[in-house]
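Notes follow the structure.
Within every chain, numbering begins at 1; the chains are lettered A, B, ... in the order of the sequence lines, protein sequences first and strands thereafter. Everything numeric here is computed off the predicted structure, so don't read it as measured data.
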There are 2 protein chains.
Amino acid sequence: MARKRITPGNIRLTEVAKLAGVSPITASRFFRNPEALSINKRARVESAARELGYVPNLAARALASQRTEVIGVLIPSLTNNVFADVLRGIYDALDGSRYSIQLANTRYSILQEERLLRLFLAQKPAGLIVTGINQTADSRVIMEAVDCPIVQIMEIGPAPIDMMIGFSHFDASKAAISHLLDQGCRRIGFLGARMDPRVQRRLDGYRSAMTEAALFDPRLIVTTALPTSVTLGGTLFADLLAQAPDIDAVFCVNDDLALGTLFECKRRHMVVPDQIAIVGFNDLEFTSSSVPTLSSVRTNRYEMGRNAAAMVIETLEGRRPAGPVVDLGFSVMKRQSSARRR
Amino acid sequence: MARKRITPGNIRLTEVAKLAGVSPITASRFFRNPEALSINKRARVESAARELGYVPNLAARALASQRTEVIGVLIPSLTNNVFADVLRGIYDALDGSRYSIQLANTRYSILQEERLLRLFLAQKPAGLIVTGINQTADSRVIMEAVDCPIVQIMEIGPAPIDMMIGFSHFDASKAAISHLLDQGCRRIGFLGARMDPRVQRRLDGYRSAMTEAALFDPRLIVTTALPTSVTLGGTLFADLLAQAPDIDAVFCVNDDLALGTLFECKRRHMVVPDQIAIVGFNDLEFTSSSVPTLSSVRTNRYEMGRNAAAMVIETLEGRRPAGPVVDLGFSVMKRQSSARRR
DNA sequence: CAACCTCTTGGTAGCGCTGTCAATATCGGT
DNA sequence: ACCGATATTGACAGCGCTACCAAGAGGTTG
């Protein structure tokens, strides 16, 4: 016959209930829905829990209730500081709440994303935050079938799975090009690395703006699948100069590339912005302190993370956010690197 | 009388066992210790699990086994790209393993760290990775009492709680100053932001090197508790110049400050390195592509994260790592910003 | 005063898995 | 052929909590 398992000295809900003089179920309710208790018992349970230093066993809770208090977050990269900002927003929003984060790295692969999604959903997360709007068809199907709030972040588009928060990369890119056109630039190059879906849409925006201005020329575009870096910015800019020596401006899909381009210009003694105007993307902190300061497209990454997490929590608490799709917009920060005197 | 709860259509271990024609307990063993099964049953359980698409319920597992497969990670900041690299290493090491990460942000507060530690330990994590060697006395006590592998990362010191991986910030800083002294610099400034314990030890290293060279002067030191940034680097450098106009070099506790200093020099038309030599810390990617390239102290952050996670896993699997303390070292990357012609 | 409601509390069973033994099968040695 | 040792498998109960239902307390209404 099985012997009784050695029970460790952990404080269980039963102990708290006994000390408070209530049934375990009442004590349980105190933690999930305190308003359901009379003021009297509420205070008794609270002081008993505090006295014993009770910490609920989340595994038991998850098993019994068939759900967890974990919000799954799927992002494509940990290195990219863009996501660091988003994550900070998410963690800040969840700070002090009952929810915690389970983070997974899709490494820019939607197949990997689908695999991780299945893994997450099997554990019945309280909510889900996923990056972008390009999921596999299967991913979409399983996400739509699942009964938990889901927020797609980083960009907006038609047909959200559930909720969505981001901005239009197409419009943002187009606005950056418009600004360069306003400055009198005509031969505007495009530098892109790690061509993920959002960067692709920035390229689409560039192409649209240039075509509308009747200035489109495929030789002005240099892209690579390599992960982005400052050094790569210099390399790509050199490539661009080689295939289109007459450029008068460059739009970089992120600020690292822009900084690399700026350094490469310095190395070649090309004067920014007089000979080459530069506009970056993301508006990282350094853009406003480089020499010359770098124009960039400001995006609200921290707010994106913060709001995404808040939207999940609100939905879980029954206060469904007003609109399922939130456009956080962007703004073109016009600085020295694109200030052409005409 | 309580009615039977509606059981959802989830595949349980029982179903797998039934299909495989074995007892549930045997099926359970397959997932935890496949070698204990005969080859025959092993194959039967495996194919049954695959056929049904079985995914284990982690909550039930955790509840029954009194332990989880979660490794808790406590870091002081999500924004700091130093930790992004460490995290990437940790996630990479755990990729494909049964373990997952629970991340928490201490915001550079050891009290917050202690609170999070209690929260983590109540859930019986498989292991723990904590930042630095400056924990509260209570934190140390509870960590020493806990029966799971613990790795302190980012720096090394005496008396590890369990294991330790990092490098000496004191030595690294001292080596950077030695290099500047070798270059003939005499009035070497120190720029520090967010004076966390590791940055403090870099200051100690600076002080030690300067004192040994009989060149120490408190006016050469500018520090602030503000979080670091490129812009702040420019500001601090300006402050330093104001209180010690005769400096011939600056050691910055990180590369962001160094880049900000470089930009500020450019703004003031001070030639780097001829008038001012600059050395940063961390060797971020951009240091090798700025103009001039920035000297910096390379630290092995990715390896630190990767090894820390590997050490936890090895310990869990009974293969205790050889030494409990691993010194990953550092190297002074000598580049243009500190190359003085004498 | 009965009928009815709302608020609060409790009893019972079970979530899906694994720790602890016990039982059986297998094998080599004497 | 018998014994003990080793591999393999199974039975049972229980991990700590909550879903579900029921029931008592207190108030309101016609």
Next on the checklist: Using the ring centroid of each side chain, check whether F31(B) and Y54(B) are separated by less than 6.0 Å.
Outcome noted: yes
Checklist entry - Does the side chain of T136(A) pick up a donor-acceptor pair with the side chain of R140(A) at under 3.5 Å? => result no
Checklist entry - In terms of side-chain geometry, is the basic nitrogen of D92(B) or R107(A) positioned less than 4.0 Å from the acidic oxygen of its partner? => result yes
Checklist entry - Nearest of dT18(D), dG16(C), dG10(D) to any side-chain atom of R61(A)? => result dT18(D)
Next on the checklist: Ring-plane angle category for F83(B) and Y108(B), please: parallel below 30°, perpendicular beyond 60°, tilted otherwise.
Outcome noted: perpendicular
Next on the checklist: Taking donor-acceptor contacts at under 3.5 Å, does the side chain of R29(B) reach the base of dG10(D)?
Outcome noted: yes
Checklist entry - For F31(A), which contact category applies under a 4.0 Å heavy-atom criterion: base, sugar-phosphate, or nothing? => result nothing
Checklist entry - Heavy atom of residues 35-46 of chain B under 4.0 Å from DNA chain C: which residues? => result none
Next on the checklist: Rounded to whole Å, how long is the line connecting atom CZ of F30(B) with atom P of dC17(C)?
Outcome noted: 14 Å
Next on the checklist: Checking contacts here: which listed nucleotide (dT18(C), dC15(C), dA19(D)) is nearest the side-chain heavy atoms of A64(A)?
Outcome noted: dC15(C)
Checklist entry - Any Lys/Arg nitrogen of R42(A) or E35(A) sitting under 4.0 Å from an Asp/Glu carboxylate oxygen of the other? => result no
Next on the checklist: Quick check for you: among dG11(C), dG19(C), dT9(D), whose closest atom lies nearest to any side-chain atom of T26(B)?
Outcome noted: dT9(D)
